[in-house]
Amino acid sequence: MGWLLFITMAVILGVFVAPRARLRYVLSRAFPLNYSKILRKNLPAYKHMPTDLQMQLKRRIRQFLYQKTFVGCDGLDITDEIRVTIAGKACLLLLNRASEVYPQLTHVLVYPSAFVPPRKEMHADGVVTHTNQGLSGESWSDGRVILAWDQAAHNAATEARGQDVVLHEFAHQLDSETGSTNGAPALPTAAAYQAWSQVMTAEFNRLQQALSVHHHVHDQHWQPYPEVIDPYGATNPAEFFAVTTEAFFKKSAALAAHHPALFAQLKSYYCVDPREWV
């Protein structure tokens with residue numbers, strides 16, 4: 001009986017107590033100087049953040065790097081720059097929020113550039129076709145995020161377009177924490193869900209209608225919708241949440257000007273105002 005109790009206590013210590021103690025130790029250590037240099041280089045907003053947000057971000061990054069496994073694909077060597085850049089962008093979405101650090105996520109797979117996952121499509125007539133489409137990112141509910149490093153890294157092309165594949169895919173991770181990736185992340189109250197649904201549905205429909213009009217007009221010079229929200233957001237509500245998250249952090253002033261109700265919902269959810277970091 002004594003041995004059974006000893007084994008039970010050892011299991012409890014090994015499963016619950018030891019990991020928490022190790023995490024506390026990791027978080028208590030000084031943030032490496034080279035990590036800070038990477039953040040200043042690859043997260044332009046970082047150096048404009050107030051000190052308390054910088055400290056929050058660094059703490060979240062340390063936890064992310066401790067808990068998540070990075071895997072290099074197609075011969076890519078995982079460096080500190082890759083790990084810290086991706087962790088930093090992912091943890092931007094967690095500032096000022098009482099949330100875990102992506103509890104369902106275990107692995108981040110990183111390719112050097114666009115990757116081509118195999119796809120099978122079953123048609124109505126029973127014919128199966130194989131498609132090959134180059135992707136810059138994917139988010140899965142089985143604990144994986146997959147990214148192309150040349151798109152995840154800070155570069156002029158994506159910066160000019162206001163796009164960020166890391167923000168996009170990790171918005172999907174937040175969305176999926178409710179058990180369904182449907183464009184509505186975890187919210188505190190029923191009233192919050194109602195307000196979210198009203199605003200997001202109206203804006204989603206507005207985007208779809210604008211793109212439909214543009215398609216029928218066939219005028220390549222006519223822009224019916226402000227170039228703030230990526231048209232890919234019209235695909236479905238989950239993609240709409242992901243691309244508006246990108247716009248919130250990368251085009252915050254324009255989003256607030258053209259879509260004030262949408263900006264207000266995202267500001268309430270993310271608990272920060274990126275306009276202050278410009």
Side-chain angles (χ1 to χ4, degrees), residues 39 42-61 63-64 85-105 137 139 145 152 158-159 162-178 180-204 207 228-230 232-233 237-278:
L39 291 179
N42 290 343
L43 274 74
Y46 172 76
K47 52 182 172 289
H48 300 294
M49 289 180 178
T51 302
D52 66 314
L53 285 187
Q54 289 181 342
M55 296 299 291
Q56 277 191 53
L57 182 62
K58 289 190 285 189
R59 183 178 178 85
R60 296 284 195 173
I61 290 170
Q63 184 171 350
F64 189 103
T85 300
I86 292 172
K89 291 183 176 186
C91 292
L92 278 178
L93 307 186
L94 306 178
L95 295 175
N96 285 342
R97 299 175 57 227
S99 62
E100 296 295 324
V101 179
Y102 300 104
Q104 299 173 0
L105 178 72
S139 174
V145 164
T158 55
E159 195 69 22
Q163 296 176 335
D164 194 302
V165 67
V166 181
L167 298 181
H168 186 106
E169 301 306 335
F170 279 90
H172 283 317
Q173 283 289 305
L174 294 176
D175 191 1
S176 68
E177 287 178 3
T178 61
S180 177
T181 308
N182 58 7
L187 299 172
T189 65
Y193 274 110
Q194 183 177 8
W196 179 276
S197 177
Q198 289 176 347
V199 172
M200 301 300 274
T201 299
E203 291 283 354
F204 176 69
L207 176 60
V228 180
I229 301 175
D230 190 325
Y232 185 61
E239 296 300 345
F240 185 74
F241 172 54
V243 301
T244 54
T245 292
E246 292 179 83
F248 178 74
F249 284 96
K250 307 298 289 186
K251 299 179 179 179
S252 54
L255 187 68
H258 292 288
H259 309 273
L262 174 58
F263 182 87
Q265 282 296 313
L266 292 169
K267 182 173 179 286
S268 176
Y269 174 69
Y270 284 117
C271 301
V272 293
D273 188 342
R275 293 175 296 180
E276 300 172 353
W277 309 339
V278 178

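Values in this document were obtained by computation on a predicted structure and should not be read as measured data.
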**Q.** Heavy-atom side-chain proximity of Leu262 to Phe204 below 4.5 angstrom
**A.** no
Q. Where the side chain of Glu169 meets the backbone of Ser139, is there a donor-acceptor pair that is under 3.5 Å apart?
A. yes
Q. So, the side chain of Thr201 versus the backbone of Gln198: is there a donor-acceptor pair under 3.5 Å, distance only?
A. no
Q. Would a 4.5 Å heavy-atom cut-off, applied to side chains only, mark Tyr269 and Phe241 as touching?
A. yes
Q: For a side-chain contact (heavy atoms from CB on, under 4.5 Å) with Tyr270, tell me which candidate from Leu94, Thr245, Leu95 qualifies.
A: Thr245
(Q) Taking Asn96's backbone N and O only, do any of them form a donor-acceptor pair with Gln56's side chain (distance below 3.5 Å, no angle check)? (A) yes
Q) Does atom CD of Glu100 have more than 12 heavy-atom neighbours, drawn from other residues, nucleotides or ligands, at distances under 6.0 Å? A) no
(Q) Quick one, Thr244 with Met200, criterion side-chain contact (heavy atoms from CB on, under 4.5 Å). Give me CA distance, side-chain angles, the key distance, then yes/no. (A) CA-CA 10 Å; Thr244 54; Met200 301 300 274; 4.0 Å; yes
**Q.** Rounded distance [0.5 Å steps], OH in Tyr46 versus CG in Leu39
**A.** 5.5 Å
Q: Measure the CD-CD distance between Gln173 and Gln104 for me, rounded to the nearest 0.5 Å.
A: 7.0 Å
**Q.** Lys267 side chain reached by Phe248 side chain, heavy atoms, under 4.5 Å
**A.** yes
Q | Derivation of the side-chain contact (heavy atoms from CB on, under 4.5 Å) call for Gln54 and Leu57 | A | CA-CA 5 Å; Gln54 289 181 342; Leu57 182 62; 5.7 Å; no
**Q.** Steps toward side-chain contact (heavy atoms from CB on, under 4.5 Å) verdict (Phe249, Val272)
**A.** CA-CA 9 Å; Phe249 284 96; Val272 293; 4.0 Å; yes
Q | Leu255/Ile229 under side-chain contact (heavy atoms from CB on, under 4.5 Å): CA gap, chis, key distance, verdict | A | CA-CA 8 Å; Leu255 187 68; Ile229 301 175; 4.2 Å; yes
**Q.** Donor-acceptor under 3.5 Å (Tyr102 side chain, Ala90 main chain)
**A.** yes
Q | Inter-residue atom distance Leu266.CG - Asp273.CG, 0.5 Å rounding | A | 11.5 Å
Q.
Has Lys89 got a side-chain atom pairing as donor or acceptor with Asn42's backbone, closer than 3.5 angstrom?
A. no
Q. With distance as the sole test, does Glu246 use its side chain to make a donor-acceptor pair with the main-chain N or O of Asp164 at under 3.5 Å?
A. yes
Q. Is a donor on one side and an acceptor on the other found under 3.5 Å between the side chain of Ser197 and the backbone of Gln194?
A. no
(Q) Using 0.5 Å steps for rounding, measure from the NE2 atom of His168 to the NZ atom of Lys250. (A) 14.5 Å
(Q) I need the minimum non-hydrogen distance between Trp196 and Ala184, along with the two atoms involved. (A) NE1-CA, 3.7 Å
Q. Minimum heavy-atom separation for Thr85 to Leu43, with atom names?
A. O-CD1, 4.0 Å
**Q.** N/O donor-acceptor pair under 3.5 Å between Glu276 side chain and Met49 backbone
**A.** no
Q. What is the minimum heavy-atom distance between Ala242 and Ala171, and which atoms define it?
A. CA-CB, 4.0 Å
Q: Mind listing the closest non-hydrogen atom pair of Arg60 and Arg97 along with its distance?
A: NH2-O, 2.6 Å
**Q.** Val166 versus Ala152, closest heavy-atom pair with distance
**A.** CG2-CB, 3.6 Å
Q. Going from CZ on Arg59 to CD1 on Ile61, what distance comes out if it is rounded to the nearest 0.5 angstrom?
A. 13.0 Å
Q: Measure across His48 and Trp277 and return the closest heavy-atom pair with its distance rounded to 0.1 Å.
A: CB-O, 2.9 Å
Q) Any donor-acceptor pair under 3.5 Å linking the side chain of Tyr232 with the backbone of Val243? A) no
**Q.** 4.5 Å side-chain heavy-atom contact, Phe170 and Leu105
**A.** yes
Q. Ser268 side chain to Ala264 main-chain N or O, any donor-acceptor pair under 3.5 Å?
A. no
